[in-house]
Protein chains: 4
Amino acid sequence: MAKQEIREPKQKRSIEKKQSIIMASYKLFCDKGYYKTNTAEIAQEAGVSTGIVYNYFQDKKDILLEVIKFYISILSEQFQPLLSAPITKSNLPTRIEQFIDISIASHTMHVEAHNEFLALSLLEEDILILFNDFENTVLMIFYELLLTAGFSRRNLLEKIRISYGLVEQVCHYYIQRKLSQEELNTSKLLAIHTIVTLLEK
Amino acid sequence: MAKQEIREPKQKRSIEKKQSIIMASYKLFCDKGYYKTNTAEIAQEAGVSTGIVYNYFQDKKDILLEVIKFYISILSEQFQPLLSAPITKSNLPTRIEQFIDISIASHTMHVEAHNEFLALSLLEEDILILFNDFENTVLMIFYELLLTAGFSRRNLLEKIRISYGLVEQVCHYYIQRKLSQEELNTSKLLAIHTIVTLLEK
Amino acid sequence: MAKQEIREPKQKRSIEKKQSIIMASYKLFCDKGYYKTNTAEIAQEAGVSTGIVYNYFQDKKDILLEVIKFYISILSEQFQPLLSAPITKSNLPTRIEQFIDISIASHTMHVEAHNEFLALSLLEEDILILFNDFENTVLMIFYELLLTAGFSRRNLLEKIRISYGLVEQVCHYYIQRKLSQEELNTSKLLAIHTIVTLLEK
Amino acid sequence: MAKQEIREPKQKRSIEKKQSIIMASYKLFCDKGYYKTNTAEIAQEAGVSTGIVYNYFQDKKDILLEVIKFYISILSEQFQPLLSAPITKSNLPTRIEQFIDISIASHTMHVEAHNEFLALSLLEEDILILFNDFENTVLMIFYELLLTAGFSRRNLLEKIRISYGLVEQVCHYYIQRKLSQEELNTSKLLAIHTIVTLLEK
DNA sequence: TATGAATGAGAGTTCATTCAT
DNA sequence: AATGAATGAACTCTCATTCAT
């Protein structure tokens with residue numbers, strides 16, 4: 001029962017085609033959702049035939065995984081500047097604010113993607129793993145940055161987790177409940193203050 | 001294209017039948033997920049015919065909505081004791097700990113339900129509304145309790161939202177990442193301390 | 001991953017419908033061959049919808065197995081008179097001739113079925129088993145009949161197998177090569193004489 | 001609707017390429033069966049591109065025909081020594097035994113091929129013709145050998161056909177039913193004796 | 001000659017919903 | 001009110017064959 005071999009495209013044109021299928025899928029998954037998008041639509045949106053999709057991907061689920069990897073790579077890029085800047089005790093509040101701003105920006109830019117893929121991560125184990133890996137990477141970088149900044153190692157990981165979760169919640173509220181800019185600012189200030197207090201404790 | 005009228009069952013036997021369909025669906029949605037459960041299975045699990053399901057429910061989605069209402073009613077019941085007990089400045093940490101414990105207990109008891117329905121709430125607008133309504137109700141009760149306890153009205157709602165989110169995050173981490181009991185205790189203590197600080201600020 | 005339950009139809013109408021699907025498939029498999037018949041055609045020929053087929057059968061292969069059981073039951077019926085008549089040393093040639101005549105008659109009546117199903121038995125293990133079971137049953141009955149007739153037990157089973165194969169070959173030649181009636185008669189006489197000699201040896 | 005012309009390869013490299021496609025197909029048809037082998041696999045196994053296959057063969061069926069011709073050429077080779085040795089009344093039993101032994105050897109060596117191609121010959125008319133031609137050739141050679149050996153012309157062809165079929169049956173049983181060596185020997189002796197009797201009659 | 005990416009019709013199967021009884 | 005057989009559109013995936021390069 002030999003599985004058909006999946007071409008890992010080496011040539012430029014092939015890579016472009018695989019990428020175009022990913023982009024088309026990304027768009028459709030955001031617009032209509034993964035379950036409500038069928039493979040024919042993906043092919044059409046990508047401007048290819050239905051058959052060729054299966055030259056590049058094992059099955060529909062495989063497409064989803066690649067789309068999510070692509071999405072995570074976008075997130076990664078957006079956080080990059082923040083993650084490579086040093087943290088000090090004095091610039092901590094600014095850094096937290098930047099983190100919140102970037103989170104909100106990235107969620108807002110891809111609000112449908114965020115919802116859809118978060119939902120799928122709850123429904124499918126292997127998608128959860130991709131997101132967890134990304135999250136862990138980010139958390140570990142903050143861990144190192146905060147150690148370097150002179151914060152105590154004691155319970156630091158737990159503190160970061162809680163802080164991270166807190167930021168996620170602020171973003172989630174803002175986007176889902178459509179908070180006003182003013183409410184957002186209030187929440188931001190509260191969150192920043194809370195996190196600073198927590199980390200310095 | 002007049003939609004077939006859905007009877008709102010008045011007689012005892014009918015009510016029981018509708019309820020049994022909801023219970024069967026709840027079980028199956030938790031076990032296999034909404035998308036992977038078909039109506040024939042629901043009918044079989046409920047011990048009724050496939051046709052009769054459509055006497056009580058508009059369509060499959062309608063069943064889901066009722067199942068979620070049922071799930072929320074369970075949550076509601078579990079939080080009831082906490083929501084009817086008064087909060088004072090001195091018992092606040094205890095109350096927060098109780099809140100966390102109840103949250104974890106209810107998520108753990110229905111861990112599949114929690115994941116499945118949270119995911120669906122991100123995929124379907126009308127499910128989100130149900131959960132938001134529940135959350136708002138809970139938040140408002142805490143708002144009143146905290147006002148009565150003498151906490152300042154200033155930014156109180158935002159503070160509660162953030163606190164609520166923080167608890168959700170701790171639970172989510174505990175369940176998804178399978179934290180050890182020890183890690184959980186650390187996180188709990190940190191969370192309680194953070195929330196107390198935040199509210200008293 | 002619960003397989004959909006296959007209804008074993010108890011009610012008269014259901015049994016009739018299952019039978020009609022088998023008959024339609026039998027016809028199509030003989031006319032066009034199993035691989036070249038699709039499920040839509042089967043449904044159409046049976047006068048049902050495509051979906052209902054899967055209420056009665058696990059999958060396409062399952063239909064094939066039932067069709068072959070049906071075919072074997074026909075064969076069984078045709079050999080019945082011969083298999084229930086006693087054999088004596090003196091009527092042995094007549095019995096062998098009857099056996100050849102019935103074999104030819106049944107192969108001729110269902111020449112397409114015979115070829116198609118024999119071919120499939122070589123391609124699919126579980127089909128081979130069905131045919132082997134039938135063949136073994138027939139051989140064992142002859143074994144008993146010949147013992148009763150007073151033939152020696154020594155190598156009797158091997159002798160019967162060879163005789164059976166010999167008859168099959170005569171039929172096969174007659175049908176495939178379109179022997180003339182005269183050639184058939186010659187072959188028949190030779191086969192009868194050979195078998196009698198073999199058994200009496 | 002002019003069919004694309006199929007080159008009959010004259011150059012050495014082309015002939016080798018065509019042959020390698022045939023060999024690859026032979027291997028795959030034996031391993032997986034004709035229907036379960038696709039042209040991409042054939043090309044890969046042969047180390048050529050999928051497109052080039054259609055320069056040498058009309059279509060997939062055409063490959064099959066060539067593969068069967070190749071298979072028959074192997075059979076032919078294996079029977080060659082026997083078919084060129086003279087038969088006498090006294091060495092007849094030995095010759096028959098050799099015939100059985102070669103048959104079993106060739107079927108055993110290519111047991112998958114034998115089953116697969118026999119099946120296909122029942123499903124496809126033009127394949128049957130190829131096998132019949134081979135069989136007829138073999139039978140005619142025996143006919144001549146036996147005439148030379150002094151056997152009567154009367155019904156000789158029918159006798160040979162029956163004998164040939166009998167040998168096929170013994171081999172078939174041995175391979176399909178996995179007879180023991182002992183059972184095989186018994187059957188062989190019985191078959192030889194039967195055929196000798198038949199021919200001498 | 002040769003490549004292998006691309007095509008697209010067609011396969012088997014599922015399932016929410018309907019309807020004759 | 002209840003049944004469960006029946007519907008048929010829609011789904012994912014395969015593969016013999018073609019064609020631009």
Side-chain angles (χ1 to χ4, degrees), chain A residues 3-5 7 9 11 13-14 17-18 35-44 47-63, chain B residues 4 7 9 11 13-14 17 35-44 48-63, chain C residues 3-5 7 9 11 13-14 17-18 35-44 47-63, chain D residues 4 7 9 11 13-14 17 35-44 48-63:
Chain A
K3 278 275 165 188
Q4 168 144 3
E5 207 165 331
R7 190 186 331 282
Q11 274 106 4
R13 267 198 50 219
S14 282
K17 186 148 289 184
K18 180 166 189 181
Y35 290 112
K36 287 167 190 158
T37 301
N38 65 44
T39 51
E41 288 170 309
I42 290 173
Q44 190 175 36
V48 298
S49 67
T50 62
I52 200 64
V53 171
Y54 290 86
N55 277 14
Y56 296 108
F57 301 92
Q58 199 86 255
D59 52 22
K60 196 188 169 193
K61 176 78 172 289
D62 192 27
I63 302 176
Chain B
Q4 169 152 0
R7 270 175 309 101
Q11 269 124 5
R13 264 196 52 222
S14 283
K17 190 160 284 190
Y35 290 111
K36 288 166 190 160
T37 301
N38 63 46
T39 51
E41 288 171 305
I42 291 173
Q44 191 178 35
V48 300
S49 67
T50 61
I52 203 66
V53 170
Y54 287 83
N55 280 6
Y56 296 108
F57 301 91
Q58 197 85 258
D59 52 24
K60 198 187 170 194
K61 174 79 170 290
D62 191 26
I63 302 176
Chain C
K3 278 274 164 187
Q4 168 143 3
E5 206 163 335
R7 189 185 331 283
Q11 274 106 6
R13 265 198 51 220
S14 283
K17 185 149 289 187
K18 181 166 188 180
Y35 290 112
K36 288 167 189 158
T37 301
N38 64 45
T39 52
E41 289 170 309
I42 291 173
Q44 190 175 36
V48 299
S49 67
T50 62
I52 199 65
V53 170
Y54 290 85
N55 276 16
Y56 296 108
F57 302 91
Q58 199 87 255
D59 51 24
K60 196 188 169 194
K61 176 80 171 288
D62 192 26
I63 302 176
Chain D
Q4 169 153 1
R7 271 175 307 102
Q11 268 124 7
R13 266 196 50 223
S14 283
K17 191 161 282 189
Y35 289 112
K36 286 166 190 159
T37 300
N38 63 46
T39 51
E41 288 171 306
I42 291 172
Q44 191 177 36
V48 298
S49 67
T50 60
I52 203 65
V53 171
Y54 288 83
N55 280 4
Y56 297 107
F57 301 91
Q58 196 88 255
D59 52 24
K60 198 187 169 193
K61 174 78 170 292
D62 191 25
I63 302 176

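Everything numeric in this text was worked out from a predicted model, so none of it was measured. Proteins get letters first, then strands, A, B, ... in listed order; numbering begins at 1 in each.
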How would you label the contact of [X] with the nucleic acid (heavy atoms, under 4.0 Å): base, sugar-phosphate, or nothing?
| X | answer |
| --- | --- |
| Lys17(B) | sugar-phosphate |
| Lys61(C) | nothing |
| Val48(A) | sugar-phosphate |

In terms of the nearest nucleotide of DNA chain F, which residue is placed more toward the 5' end: Ser49(B) or Lys60(A)? Ser49(B)
Between Thr37(B) and Asn38(C), name the one whose nearest nucleotide on DNA chain E is closer to the 5' end. Asn38(C)
Side chain of [X], heavy atoms from C-beta onward: which of [options] has the nearest atom to it?
| X | options | result |
| --- | --- | --- |
| Tyr56(A) | dA16(F), dT1(E), dA6(E) | dA6(E) |
| Tyr54(C) | dT13(E), dA6(F), dA16(E) | dT13(E) |
| Asp59(C) | dT13(E), dT12(F), dG12(E) | dT13(E) |
| Thr39(D) | dT1(E), dT13(E), dA16(F) | dA16(F) |

With pairs defined as Watson-Crick or G-U wobble and both distances under 3.5 angstrom, please note down DNA chain F as a dot-bracket string, | for pairing with another strand. .||||||||||||||||||||
About how many Å separate CD1 of Ile52(D) and CZ of Phe57(D), when rounded to the nearest 0.5 Å?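 Rounded to the nearest 0.5 Å, the CZ-CD1 separation comes out at 11.0 Å.
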With sequence neighbours excluded, tell me which residues meet side-chain hydrogen bond (donor to acceptor under 3.5 Å, both in side chains) with Gln44(A). none
Only counting residues at least two apart or in another chain, list the ones meeting side-chain hydrogen bond (donor to acceptor under 3.5 Å, both in side chains) with Lys36(D).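 If we apply the side-chain hydrogen bond (donor to acceptor under 3.5 Å, both in side chains) test to Lys36(D), skipping adjacent residues, there are no hits.
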Residues that Thr39(B) engages under side chain to side chain contact (heavy atoms under 4.5 Å, CB included), provided they are two or more places apart: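 Only Tyr54(B), Lys60(B) meet the side chain to side chain contact (heavy atoms under 4.5 Å, CB included) criterion with Thr39(B).
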Sequence neighbours left out, what passes side chain to side chain contact (heavy atoms under 4.5 Å, CB included) with Thr37(C)? Give chain and number order.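 For Thr37(C) the side chain to side chain contact (heavy atoms under 4.5 Å, CB included) partners, ignoring immediate neighbours, are Leu28(C), Phe29(C), Lys32(C), Glu41(C), Ile42(C).
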Does a distance-only test, which skips hydrogens and angles, find a donor-acceptor pair under 3.5 Å between the side chain of Thr50(A) and the base of dA9(E)? yes
Output a table of nitrogen or oxygen pairs between the protein and nucleotides 19-21 of chain F separated by less than 3.5 Å.
none

